[in-house]
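Here's the structure, in structure tokens; my notes come after.
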Amino acid sequence: MEKTALIMAGGRGERFWPKSRKSLPKQFLSLTDDGKTMIQLTVERILPIVNIENIYIATNKDYLPLIKEQLPDLPEKNVICEPIGRNTAPCIAVSAAIISKKYDDALMMVLPSDHLIKYNNIYQQILSDACEVAEKDDNLVTVGITPDYPETGYGYIKFLNGETEGRAYKVEKFVEKPNLGLAKEYVASNEYLWNSGQFIWKVSTILNKLKEHMPETYEGALKIKDAYDTEKYDEVLNKVFPEFPSISIDYGIMEKSENIYVIPGTFGWDDVGSWLAVERIKKVNECGNIVDGNIVSINTKNCIIQGDKKLIATVGLEDLVIVDTEDATLICDKKSTADIKKILEELKGLNKNEYL
């Protein structure tokens, strides 16, 4: 069966402000030493198993120029430009319907655009194994990450050890982000995986599930499918898409369905959720700092410092994130990186939209 992929690239990456902006969000930035952007790395790692003609990108309409610039080999008609953000269920519904116009049926991988993976060969094998499970019956498959510490910022997946399909385990339930005590219990039990937000299924399977559990979204997706690759496409998309309810695929489909399987993965996965992820991506110097740019540091320890041409000089600092751009500078305690979004809320309230 033909393999296709949908890469979701509509997020704003707000916790990476001030580098990540409304006009240039995280997925279009390079955070690794190889100079490649996150979306370029996402496409590159799946090319051994999915042809570029079968890769689709769902994104905000404003990011089409960035997609064309960073992925010049991707067919432009494979970029699905959402007129407004509506979470993952509508995004997946429309993309699955469009793919079904090209193929009677196909395997569909749904992948985020802003995750990093160290061991591509292992990852590609897991996706191939997931495709085999998804091709059987009407199975919905997800990829779970074997946890190595009690993370409270991720959702979890509980699986059943005794019920398997190939390398996949039957899913018992999805669990929201836990408190620290519950997270410790989950990790100690060896029955939970981190929810990576990656899904594999047949196009026919997910469309049938949408028809069953989200019929209005399903019908709207079919209208967009009929208009796809015609002169009426933009008109229909702009009319129908904003009418979709904003709901995630987890709530809309996964938590209501049976035949859900998860394949555990250990392939150096990182969701790059905040500036602290840089510590897991790049090497630290002898003082525990990660520096990028024109930096001079005295008695500075365990800091993340990023700049450009302007000199940044630090003295006697510890456990800070300092990010300098042309028009904004962030100075943040590492413990408070989750509150960077509050800065954006404040800027909106002050009508300082040029900094968003």
Residues passing the salt bridge (Lys or Arg N to Asp or Glu O under 4.0 Å) test with Lys61, sequence neighbours excluded, are none
For Trp194, enumerate each residue passing the side chain to side chain donor-acceptor pair (under 3.5 Å) test, keeping only those at least two apart in sequence or located in another chain.
Tyr156
Output every pair passing ring pair (Phe, Tyr, Trp, His ring centres under 6.0 Å) with a member in residues 36-68, not counting sequence neighbours, ordered by first then second residue.
Phe28-Tyr63
Ignoring hydrogens and angles, state whether a donor on the side chain of Gln125 or Ser128 is under 3.5 Å from an acceptor on the partner side chain.
no
Applying salt bridge (Lys or Arg N to Asp or Glu O under 4.0 Å), name anything that partners Lys77, two or more places apart in sequence or on another chain.
Asp229
Tyr251 atom OH, neighbour heavy-atom count above 12 within 6.0 Å:
no
For Tyr186, give me all partners under side chain to side chain donor-acceptor pair (under 3.5 Å), at least two apart in sequence or on another chain.
none
Salt bridge (Lys or Arg N to Asp or Glu O under 4.0 Å) partners for Lys334, two or more places apart
Glu279
When you check the side-chain N and O atoms of Ser248 and Asn87, is any donor under 3.5 Å from an acceptor?
no
Can you name the side chain to side chain donor-acceptor pair (under 3.5 Å) partners of Arg21, sequence neighbours left out?
Thr325, Asp327
Between Lys225 and Ser100, do the side chains contain a donor N or O and an acceptor N or O under 3.5 Å apart?
yes
With a cut-off of 3.5 Å and sequence neighbours excluded, list every side-chain donor-acceptor pair involving residues 343-356.
none

Return all side-chain donor-acceptor pairs below 3.5 angstrom for residues 163-172, not counting sequence neighbours, or 'none' if the list is empty.
| residue | atom | partner | partner atom | Å |
| --- | --- | --- | --- | --- |
| Glu165 | OE2 | Lys136 | NZ | 3.1 |
| Arg167 | NH1 | Asp129 | OD2 | 2.6 |

Note: Asp226-Lys223 ion pair, threshold 4.0 Å (strictly below)
no
Would Asn54 and Asn78 count as having a side-chain donor-acceptor pair, cut-off 3.5 Å?
no
With a sphere of 6.0 Å drawn around NZ of Lys301, does it hold more than 12 non-hydrogen atoms of other residues, nucleotides or ligands?
no
Any ring pair (Phe, Tyr, Trp, His ring centres under 6.0 Å) pairs touching residues 79-121, not counting sequence neighbours?
His115-Trp269
A quick test of your reading: do over 12 heavy atoms of other residues, nucleotides or ligands sit less than 6.0 Å from CG of Leu180?
yes
With sequence neighbours left out, write down each residue that passes salt bridge (Lys or Arg N to Asp or Glu O under 4.0 Å) with Lys211, or none if nothing qualifies.
none
Side chain to side chain contact (heavy atoms under 4.5 Å, CB included) partner of Leu31, the single match among Lys282, Met38, Lys19, Gln306
Met38
Taking all non-hydrogen atoms of both residues into account, name the closest pair between Ala277 and Asp270 and its distance.
CB-OD1, 3.9 Å
List the residues meeting side chain to side chain donor-acceptor pair (under 3.5 Å) with Thr314, not counting sequence neighbours, and say none if there are none.
Ser297, Thr300
Do Lys36 and Glu44 sit within salt-bridge range, that is, some charged N less than 4.0 Å from a carboxylate O?
yes
Quick check: are there more than 12 heavy atoms from other residues, nucleotides or ligands sitting under 6.0 Å from NZ of Lys22?
no
